[in-house]
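Comments concern the structure below.
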Amino acid sequence: MDYQFKDIEKKWQQFWADNNTFKADNNSSKPKYYVLDMFPYPSGAGLHVGHPLGYIASDIFARYKRNKGFNVLHPMGYDSFGLPAEQYAIQTGQHPSLTTEANINTYRRQLDQIGFSFDWSREVRTSSPDYYKWTQWIFMQLFNSWYNKAAEKAESIDSLVAHFETKGSAGIVAVSDEDTLTFTVDEWKALSEKAKQEELLKYRLTYLRESTVNWCAALGTVLANDEVKDGFSERGGYPVEQKKMMQWSMRITAYAERLLQGLDTIDWPEPLKEMQRNWIGKSVGASVKFPLSLSPTLSEGEGAEKVSPIGGDSEGASYIEVFTTRVDTIFGVSFLVIAPEHELVAELTTVEQKADIDAYIAQTKKKSELDRMADTKTVSGAFTGSYVTNPLNGDKIPVWIADYVLAGYGTGAVMAVPSGDQRDYLFAKHFDLPIIPIIDIQNIETEADPTKEGKYINSDFINGLGYKEATAATVAKLEEIGLGKAKVNFRMRDAIFGRQRYWGEPVPVYFRNELPYLIDEKELPLELPEIDKYLPTETGEPPLGRATKWVNPLTHSKFDYALNNYRDRYYKEISEALVFKLNNALSPKYGTYLKKEALINDIIIDFLIDMPTFKLAIDITYYKTKDTRRANARRKYLKYYRIPYLQFTEDELVKLDLDSIIKKIERFEIRPQLFSATDWNYHHQFEYELSTMPGWAGSSWYWYRYMDADNNTEFASEKAIAYWKDVDLYIGGSEHATGHLLYSRFWNKFLKDIGKAIEEEPFKKLINQGMIQGRSNFVYRLIDGEGRGTNTFVSHGLIKEYKTSPIHVDVNIVENDVLNINKFKTWREDFADAEFILENGKYICGVEVEKMSKSKFNVVNPDDLIERYGADTLRMYEMFLGPLEQSKPWNTNGIEGVFKFLRKFWRLFHDANWNFVVSNDAPSKAELKALHKIIKKVEEDIERFSFNTSVSSFMIAVNELTDLKCNKRAILENLVIVLAPYAPHIAEELWSLLGNSEGTISTAAYPKFQPEYLVEDEFAYPVSFNGKVRTNISLPLTMQPADVEAAVLAHADVQKHLDGKAPKKVIVVKGRIVNVVV
RNA sequence: GCUCAGAUGGUGGAACUGGUAGACACGCAGGACUUAAAAUCCUGUUCCCGUAAACGGAGUGCGGGUUCGAUUCCCGCUCUGAGUACCA
């Protein structure tokens, strides 16, 4: 039979599923290998051809490793909490779990038909309570931990309490908030429970802090940075303001140094590591305190006290602290700049300068982050009127504010050295401040010179020294006088760990006396409650504020199913038209609409009047149903939630007109506040945290869950973790560089600190797959004399001769850039009568590489390609496209070639009439050579992730064997194994046709490469003259270089080129090349 | 601006440690089979000159350098993509 890819692929996909072929074993004597793909978010659009690229690569690798004798873990699952499903829920009222479920099903179907060797028995979904139970559990461990800098690891908060109880705060070196208290044992013991908890919160690895967020009042929600465009929401275009909010944060900064050091130990792409290094942003320098000179407007004692709360020490003196990486330039400081938002600004501003400063602050506030960013040229700032003292020479230094200094970085203050820093230089020039040269070779005529070469001048005790000695001497002096010290600063901030959203993991926390407490571990998972709509409450609380009770969404969906059947029945019995009329009927009294099939917690109400202060349920089925049990259950529910309800009989509904129904509804006496919120508090007393966890929570530890996905008692058993340890190969996009990949490393280090994980780093080797871009096609509409578009289209090669405008055309009706004119005419109605100006009888389209998107008509769906060519062709073609790491435009032009290759491969096993025929004869030398060449090549290619080159090599091998008319089992059986990771379906089929038992190819041993088959006796030496190859001369490989030289020079062709002249020099590289210099 | 990656035929790309540039595939052109088309097979295909062919010249973004020899190493530049941003 000809190559019937459809039957073959269906058959083997079914076989793998039925036989759990790829189930990984947690108890194996084989060495382990863990291949992981980055967690996909199941979006509504399904897979496009870009998504599977990495999955195919990792699948090839996983299958190859199985053939190499490894016990391979290759799982897949879904990062299924996320904004798109929630957005859809807001628009349609459909529960996000249903949307998510539907999307996952699409994904699964698409993944299945590509033939991946995933172990689906370990599938995880972050939105499933079985999973997020452990996300919450890890959150609890973080809450119960603090970072001990002395031990360089996280420890239980109990150890901190024990320390406080026996030694007070002395001797604690921790990563904590800045405002921790200093206390003795007795002072600690004297603190109230509340005060103690408040203090401990400053140490916990997850803690509450006030942070600035993008608040959009119109949408009633917090927006991510990329949802804000120029100060307005991307969705709807409503104004966005900066608002302070209490938010959960993760103390990732505690791990900054370890996150940085760890990068040197892992095999990741250098650009990715560089991105993380930049993000962590370590800078080594010094912090320096500049004591305040009292401003003339403040009376001596008063002024000092006023400023002391921020920068004060025990003596009551005050100062501004700066961080600098160039403490050696301190004698060149001619002014200080602090951020306009800096806490000291108000205190420092003198009466004379107040107007200036206020104006400047007002101006800064108007500027968005973007404006501040874009405008690097304008120099702006304002003088506070106050001065500080240079701690090393006592110079009086003016304090300015300027928006180029950010409150959030370092101390929010910089010492300005105009001679060494270009920004300071421009500032000094603009405001006419002194520029002091401090290094002898410095050239500061036109710009700053940040050199570290040369000797210091104008610099007191470091005059004449070099950079290193000067820095050391300055730091030593500052430490001696207590006004500075060496310091390491990190750019990275603590990560905000909360979203004012519904579709995420609930935070397992309740509040008592305004302080957060963890819920009991036995009560995990804290399940996401049902709510009536997915918007913030009327008082601006997150959507969870609408919850009346925390219930299990899974039971909800069961209930929903039951009600679905129920609904079918009564819809037949009462008039459809009436239901339709009732739906969206307006109640004049309440100014609201009746909502059909509204959801309250986990039951569905026929109709609902939904107001901020009350709800009224309308039950039209009460008298009709024979299932009294269910009817009673509904009534009980409504009572339980104190929702009043009205019941109509069917007769009433049929007889009454709409107005009468509305009247009856409005006659119902509604008492406000009936709908109370007391039933869903923690233990009926305390309020729950209402924000949910961010998108990265669930993905920060998921690779451990795959190790032991069904475990009910732990996130993964100690034994499973001990066996699988870490991910050996991780494939995914570089867009996760500073998000997921940093947070995952952080959580992994934490899990190691608390003794749960073994390895310091979770992902040993990481490969970035390149993005697949879209390749758009264009047609060119002819523009007539009056500038209007016509219905005539000009082929791309001729557009220079006409006036045209380009229009995107669906790439699916274009083949090799030739437009299918008939399909084009039916594509859009207005093109039905289109006319064409052709070249060589064809319409050639223009091409551009752009992002793949629906609006550009350049989306290619894998389903269509699989339908046409099969999964094996798609898999090989995606690899054939080019190096995995490189971004490239998608282009189906070459897919035919890959399909032809697979057919040609199939033909090796068949005669002219498509009968399966293989011979048992001994293979020839040439056949063995072809085989061993490919065995070696593919092995090398896979190990260095060069999948595109091995596809080419397969083609070469099959071309060679076709030329040799080889159908020998000894060759083909091995070839099938080598091809199997790339094209598993065809390989399985041929493997079983060869008489092997079904499915065993997955673990068949990879053929051993035998170099003796590739040994050559002769080599055709390329002979070049001055580096230009002129001829080839075949000589034995055993010949020594001197003999090669002699033989080459004696050759007639060489003599001809030499033309009687003697060569100056002859270079012979054995087995490589001969170069004759003339 | 900074950091990183990249630039090779009409197209995707190959050349792994400096050693025959353009493998493999697409496309295109010509041919075979066919009444014809599709499918399949064969031949050619970097450019220029010449032109049946041999042969000659140029050529891996641009300009230099190191070397017997450079797509590969070094210096300077241009362009493209990604990340990041007044980071002290």
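Residue numbers start from 1 in every chain, and the chains themselves are labelled A, B, ... in the order their sequence lines are given, proteins ahead of strands. What you see below is based on every heavy atom in this structure, not just the backbone, and it leaves out hydrogens, waters and symmetry mates.
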Gap in Å between the two [atom1] atoms, one belonging to [N] and one to [M], rounded:
| N | M | atom1 | value |
| --- | --- | --- | --- |
| B/G12 | B/U66 | C1' | 34 Å |
| B/C77 | B/G69 | P | 27 Å |
| B/A53 | B/C47 | P | 14 Å |
| B/U71 | B/A15 | P | 15 Å |
| B/C48 | B/U11 | P | 14 Å |
| B/C74 | B/G18 | C1' | 13 Å |
| B/U60 | B/G6 | C1' | 14 Å |
| B/U78 | B/U40 | C1' | 48 Å |

Gap between atoms [atom1] and [atom2], on [X] and [N] respectively (whole Å):
| X | N | atom1 | atom2 | result |
| --- | --- | --- | --- | --- |
| A/Lys933 | B/C24 | NZ | P | 11 Å |
| A/Tyr869 | B/A25 | OH | C1' | 13 Å |
| A/Phe899 | B/C26 | CZ | P | 13 Å |
| A/Leu272 | B/U84 | CG | C1' | 14 Å |
| A/Phe290 | B/A88 | CZ | C1' | 12 Å |
| A/Phe901 | B/C26 | CZ | C1' | 16 Å |
| A/Asn278 | B/A5 | CG | P | 12 Å |
| A/Glu1045 | B/C68 | CD | P | 16 Å |

Can you give one letter per nucleotide of nucleotides 39-44 of chain B, 5' to 3': B if a protein heavy atom sits under 4.0 Å from the base, S if only from the sugar-phosphate, - if neither?
-S----
B/S/- contact track for nucleotides 12-20 of chain B, protein heavy atom under 4.0 Å:
BSSSB--BB
Nearest-nucleotide 5' precedence on RNA chain B, A/Phe323 against A/Met771
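Going by which nucleotide is closer to the 5' end, it is A/Met771.
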With RNA chain B as reference, determine whether A/Gly412 or A/Glu274 sits nearer its 5' end, using the nearest nucleotide of each.
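The residue closer to the strand's 5' end, by nearest nucleotide, is A/Glu274.
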With rounding to the nearest 0.5 Å, note down the distance linking CG in A/Leu741 to CG in A/Asn768.
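CG of A/Asn768 is found 8.0 Å from CG of A/Leu741.
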To the nearest 0.5 Å, what is the distance between CG on A/Leu931 and CD1 on A/Ile934?
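It is 9.0 Å, given to the nearest 0.5 Å.
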Check [Y] with [X], please: is the shortest side-chain N to carboxylate O separation under 4.0 Å?
| X | Y | value |
| --- | --- | --- |
| A/Lys1065 | A/Glu1045 | no |
| A/Lys933 | A/Glu960 | yes |
| A/Glu940 | A/Lys936 | yes |
| A/Arg277 | A/Asp264 | yes |

[N] - base-pair partner by Watson-Crick or wobble geometry, distances under 3.5 Å:
| N | answer |
| --- | --- |
| B/U71 | none |
| B/C16 | none |
| B/G27 | B/U45 |
| B/A32 | B/U40 |
| B/U80 | B/A5 |
| B/C87 | none |

From the list B/C24, B/A88, B/G57, which nucleotide is the closest neighbour of the side chain of A/Met955?
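Minimum distance to the A/Met955 side chain belongs to B/C24.
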Nearest-nucleotide pick for A/Ile956, side chain only, options being B/A88, B/C68, B/A23:
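Comparing B/A88, B/C68, B/A23 against the side chain of A/Ile956, the answer is B/A23.
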How are the rings of A/Tyr982 and A/Phe954 set to each other: parallel, tilted or perpendicular (split at 30° and 60°)?
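Rings of A/Tyr982 and A/Phe954: perpendicular, over 60°.
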What's A/Asp421 touching, base or sugar-phosphate or nothing? Going by heavy atoms closer than 4.0 Å.
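Here A/Asp421 touches no strand at all.
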May I ask you to say what A/Arg1030 touches in the nucleic acid, namely base, sugar-phosphate or nothing, with a heavy-atom cut-off under 4.0 Å?
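The residue A/Arg1030 makes sugar-phosphate contact but no base contact.
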Any side-chain heavy atom of A/Phe431 sitting closer than 4.5 Å to one from A/Trp400?
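Result yes, sub-4.5 Å side-chain heavy-atom pair found.
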Confirm from the modelled atom types if A/Asp403 and B/C86 form a donor-acceptor pair under 3.5 Å, side chain to base only.
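Indeed there is one.
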Answer syn or anti for B/G9, where the cut-off is 90° from 0 on the glycosidic torsion.
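With its glycosidic angle within 90° of zero, B/G9 counts as syn.
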Partners passing salt bridge (charged side-chain N to carboxylate O under 4.0 Å, His left out) against A/Asp421 (at least two apart in sequence or in another chain):
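A/Asp421 satisfies salt bridge (charged side-chain N to carboxylate O under 4.0 Å, His left out) with no residue once adjacent residues are dropped.
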Would A/Lys282 pass as a cation-pi partner of A/Phe490, given that its NZ or CZ must be under 6.0 Å from the six-membered ring centre and within 45 degrees of the axis?
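Not flagged: A/Lys282 not positioned over aromatic ring of A/Phe490.
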Could you check, using the six-membered ring where one of them is a Trp, whether A/Phe61 and A/Phe945 have ring centers closer than 6.0 angstrom?
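Between A/Phe61 and A/Phe945, the centre distance is under 6.0 Å.
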Can you confirm whether the side chains of A/Tyr360 and A/Ser380 place a donor and an acceptor under 3.5 Å from each other?
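The criterion, which ignores hydrogens and geometry beyond distance, is satisfied for A/Ser380 and A/Tyr360.
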